[in-house]
Amino acid sequence: MDAVLSETNNLAKEIGNLMKSGKKDEAEKLKITNAELKEKAKILSDKLTPLEEEQNNVLLRLPNLPHASVPEGKTPEENIAVLEWGKTPALPVDALPHWDLIKKYDIIDFELGNKITGAGFPVYKGKGARLQRALINFFLDEATSAGYREIQPPILINQDSGYGTCQLPDKDGQMYFMNEDKLYLIPTAEVPITNLYRDVILKAEDLPVKNAGYTPCFRREAGSWGADVRGLNRLHQFDKVEIVQISKPENSYELLEDMKKHVQGLLEKLELPYRILRLCAGDMSFASALTFDFEVYSAAQKRWLEVSSVSNFETFQANRLKLRYKVDGKTQLLHTLNGSAMALPRIVAALLENNQTPEGIKLPQAISKYAGFDLIN
RNA sequence: AGAGAGGUGUCCGAGUGGUUUAAGGAGCAUGCUUGGAAAGCAUGUGUGCGGGCAACCGUACCGGGGGUUCGAAUCCCUUCCUCUCUACCA
């Protein structure tokens, strides 16, 4: 293919020279030869293009390879708990789940959300709204102290960005899509913040890159409605602070540990009992090589709620993003990592349930400082 | 939303069909020069794909996509984006 093109290029040059020196007849002859070559090239490229497209389509649908430390398994039951922290609070027998508490104290309103939007879009009111704001500020300040640069990205993204972080084609149909403008509502800040570095070649001395941002997140959750989705457990719109790192391949797992520690610190300051799971291969997302999930124990529901997911994507996203750096004059793919730090709704659920008292809900100090109140009553 | 002007390498910027193999400048890197630096001089300096141990060779890329032509940064179509003016507006 390239050889044929090379020949046509050379002939075109020759024709140019002949035309200049006035040898029109010879030039005309070459034109015919070249036309034949072009035909050949077209046939070759007609064969090549569909093959390349097919290869591309297959590759786009191939998930990442799990890291060697990922346990085998297909279902969440096969995830492995690697750490547990904190004590389950002893609640009175009449302890309420959060969906009752939010009504009792009138702080989150699903019916109003239903009216103005639909199911899964709650309205936060009064101390409920202020608690949201407090948590967001708390999480962002903690990220800043940990060396992350705060980013406020757009919450609509284009198709290229969707492919960059691998939500597309895998999660097509799970994102809200504006057909008029061909834009998607982000399911996580990971998408815009990581895509800042699409088609970028970084300098080695700028690594690692650490960014964090708060955004609302939107998920259609098509097909996942059913049991265990009451109250704040699963929403179409929720708030989240996301931390994102870009790393040299050799230290990405070290950084993953740092991110894990950061999330642990947040939960400990919030005084919420939690555990960390090493996800089994079957429960990991499409793009991830290794994922740790964080779950807090919701005492009134008597169940674990996922509040954070920290992953190393190795070169999987970087390959699609064309995110690279230079080593010894050669370009090399970087590693991308991200983690929720953290998603609000289930944190709120656990805070409400675990801290309920006859007087009201007593907020831990870390958050009452931000909220400006320590009791919801 | 309407009218006009634009989009060229890391940056600025020239280029309206054939030595553009993208001028020129800046930046950066290396070397020479220097006591050291600056200046000066010299050389080098994009990405993808294919081939090669390598030096290197081939090919594609001048916002994106398509077309005309033996030959396109240059001409045509289409689309996105930026700027100016007008309109509107938190």
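Only this structure's heavy atoms are used, side chains among them; waters, hydrogens and symmetry mates stay out. By convention in this document, chain letters (A, B, ...) are assigned in the order of the sequence lines, proteins followed by strands, and residues within each chain are numbered from 1.
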When both hydrogen-bonding distances must be under 3.5 Å and the geometry is Watson-Crick or G-U wobble, what is [N] paired with, if anything?
{"N": "U84(B)", "result": "A3(B)"}
{"N": "A29(B)", "result": "U43(B)"}
{"N": "C62(B)", "result": "none"}
{"N": "A90(B)", "result": "none"}
{"N": "C70(B)", "result": "G18(B)"}
{"N": "G9(B)", "result": "none"}

Interatomic distance where [atom1] belongs to [X] and [atom2] belongs to [N] [whole Å]:
{"X": "Gln159(A)", "N": "G65(B)", "atom1": "CD", "atom2": "C1'", "value": "14 Å"}
{"X": "Asp160(A)", "N": "G65(B)", "atom1": "CG", "atom2": "C1'", "value": "13 Å"}
{"X": "Asp199(A)", "N": "C61(B)", "atom1": "CG", "atom2": "P", "value": "18 Å"}

For nucleotides [N] and [M], find the distance between their [atom1] atoms and express it as a whole number of Å.
{"N": "U21(B)", "M": "C57(B)", "atom1": "P", "answer": "16 Å"}
{"N": "C61(B)", "M": "G66(B)", "atom1": "C1'", "answer": "16 Å"}
{"N": "A1(B)", "M": "A23(B)", "atom1": "P", "answer": "39 Å"}
{"N": "G15(B)", "M": "A73(B)", "atom1": "C1'", "answer": "8 Å"}
{"N": "A3(B)", "M": "U16(B)", "atom1": "C1'", "answer": "24 Å"}
{"N": "C62(B)", "M": "G7(B)", "atom1": "P", "answer": "14 Å"}
{"N": "U86(B)", "M": "G13(B)", "atom1": "C1'", "answer": "31 Å"}
{"N": "C41(B)", "M": "G46(B)", "atom1": "P", "answer": "23 Å"}

* Quick one: does Glu257(A)'s side chain get under 4.5 Å of Lys260(A)'s, heavy atoms only? ->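 A side-chain contact exists here, since the closest heavy-atom pair is under 4.5 Å.
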* Asked: Below 4.5 Å, heavy atoms only, C-beta onward: do Val263(A) and Met342(A) meet side chain to side chain?
  ->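 Side-chain contact under 4.5 Å: yes.
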* Asked: Hydrophobic clusters join Ile, Leu, Val, Met, Phe, Trp and Tyr when side-chain heavy atoms are under 4.5 Å apart, directly or via other members; which others share one with Ile155(A)?
  ->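 Same cluster as Ile155(A): Leu60(A), Phe121(A), Leu156(A), Ile157(A), Tyr163(A), Leu168(A), Met175(A), Tyr176(A), Phe177(A), Met178(A), Leu183(A), Tyr184(A), Leu185(A), Ile186(A), Val191(A), Phe218(A).
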* Which letters describe nucleotides 45-57 of chain B, given B = protein heavy atom under 4.0 Å from base, S = only from sugar-phosphate, - = neither? -> -SSS---------
* Asked: Gln245(A) and Ser247(A): side-chain donor and acceptor closer than 3.5 Å?
  ->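 Distance-only check fails for Gln245(A) and Ser247(A).
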* Asked: Does the distance from a Lys or Arg side-chain N to an Asp or Glu carboxylate O, for Lys125(A) and Asp106(A), drop under 4.0 Å?
  ->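 Result for this pair is yes, salt bridge flagged.
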* To do: Verify whether the ring centers belonging to His335(A) and Tyr253(A) lie closer than 6.0 Å.
  =>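 That pair fails the under 6.0 Å test.
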* Asked: Do Lys127(A)'s NZ or CZ and the ring of Phe373(A) fall within the cation-pi criteria of under 6.0 Å and 45°?
  ->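 Geometry flag: set, cation within 6.0 Å and 45°.
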